[in-house]
Amino acid sequence: MKVAITVAALAATVILALPGRSLARGADFRVPEFSHLRAKASETVDVNVGGFLLGLARMFTSAEDRENDPDLRILDDIKSVRVRSYKFDSDDAYTKADVDAVRSQLKGPQWNAMVQVHKREAQEDVDVFVCVEDNKTCGLAVIATQPREFTVVSIVGSIDIERLSQLEGEFGIPKLDDGPPEN
C-alpha cells in the first residue's frame, strides 16, 4: 500500500511540472470526497490536479523540452490526477460500500481490469483499471486496500501504457518485475 501512495504522490508531483491536453469522457469517473473517512483517518493524502494547474505547468514547460525528454513526453496528454488515500489506526474504518462507490464506476464497455493483485495473508488488494475509447487508452484507475489503508488513484488523459512502463525505477516509482507474485 505504501508503494501505491508513494507512486500516486510522486506522479501527482511530477504532473504539476508537465502539460496536459485531452480529456476523454469515459475516463472521467467521480472519485468520491470520502469526508467521513478523512475524519477517521490518522493520515490522509488528497490530490486534485486538473485543468488550471496543468495549464499553468504548460506555461513553464517548453514544447521543445517535452519533445526531447521521454520522461516529460510520457505525461503530455494528462488532463487530471486525483488521489484519495487514507490510513487508519484500526481495522474496518472503511466499508465495502466505500470501495464499491469507486469500483461500480469502473464497469462497462470502456473500463477494463488490467491488473489484479490479491495477497490473502496481508489482506491486500490492488486493482488497476484502464479506460479505452476508440482503441486509445484515455484513463487509468487504481484501487488499493488493506485492513487499515484505502487508496484510490485516477489519471485521466491519453496514456501510452508502453511508455508508462518506461517510468519504472524513475521518479521513485518502483520496478514492478521483482520476481514471482505472492499468493
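Quick note: numbers below take in every heavy atom, side chains included, and nothing from hydrogens, waters or symmetry partners. For the single chain, residues carry numbers from 1 onward in sequence order.
One finds the CD atom of Glu149 at 9.5 Å from the CZ atom of Phe88 (value rounded to the nearest 0.5 Å). Remark: Thr145 OG1 to Asp127 CG distance equals 7.5 Å, nearest 0.5 Å. Expressed to the nearest 0.5 Å, how far CG of Asn112 lies from OG1 of Thr137 amounts to 9.5 Å. To the nearest 0.5 Å, atoms NZ (Lys79) and OG (Ser158) are separated by 13.0 Å. Note that NZ of Lys40 and OG of Ser35 are 11.0 Å apart. Values are rounded to the nearest 0.5 Å.
Remark: Ser104 pairs with no residue by the side chain to side chain donor-acceptor pair (under 3.5 Å) rule, at least two apart or across chains. Partners of Ser42 according to the side chain to side chain donor-acceptor pair (under 3.5 Å) rule, which considers only residues two or more places apart in sequence or in another chain, are Asp89. For Asp91, the side chain to side chain donor-acceptor pair (under 3.5 Å) criterion is met by Arg148, not counting sequence neighbours.
A pairwise comparison of heavy atoms in Leu37 and Ala93 identifies CD2-O, 3.6 Å as the closest pair. Minimum heavy-atom separation, Pro147 to Ala122: CD-O, 3.7 Å. Between His36 and Asp98, the shortest heavy-atom contact is NE2-OD1, 2.8 Å.
Taking the side chain as every heavy atom from C-beta outward, Val126 and Val142 approach each other to under 4.5 Å. Considering only heavy atoms from C-beta on, Thr151 stays 4.5 Å or farther from Arg84 through its side chain. Between Arg30 and Gln105 the shortest side-chain heavy-atom distance falls below 4.5 Å. Looking at heavy atoms from C-beta onward, Val130 lies out of side-chain contact with Trp111 at the 4.5 angstrom threshold. Put simply, the side chain of Tyr86 reaches to within 4.5 Å of the side chain of Arg38, judged on heavy atoms. At a threshold of 4.5 Å between non-hydrogen side-chain atoms, the residues Asp46 and Val83 do not count as touching. Residues Ile143 and Phe129 are in side-chain contact: their nearest non-hydrogen atoms beyond the backbone lie under 4.5 Å apart.
Arg82 places no side-chain N or O within 3.5 Å of a backbone atom of Val156 that could act as its donor or acceptor partner.
Ring centroid separation for the pair Phe34 and Tyr94 does not come in under the 6.0 Å cut-off.
Comment: Lys119 does not engage Asp125 in a salt bridge, judged by the lack of any side-chain N to carboxylate O separation of less than 4.0 angstrom.
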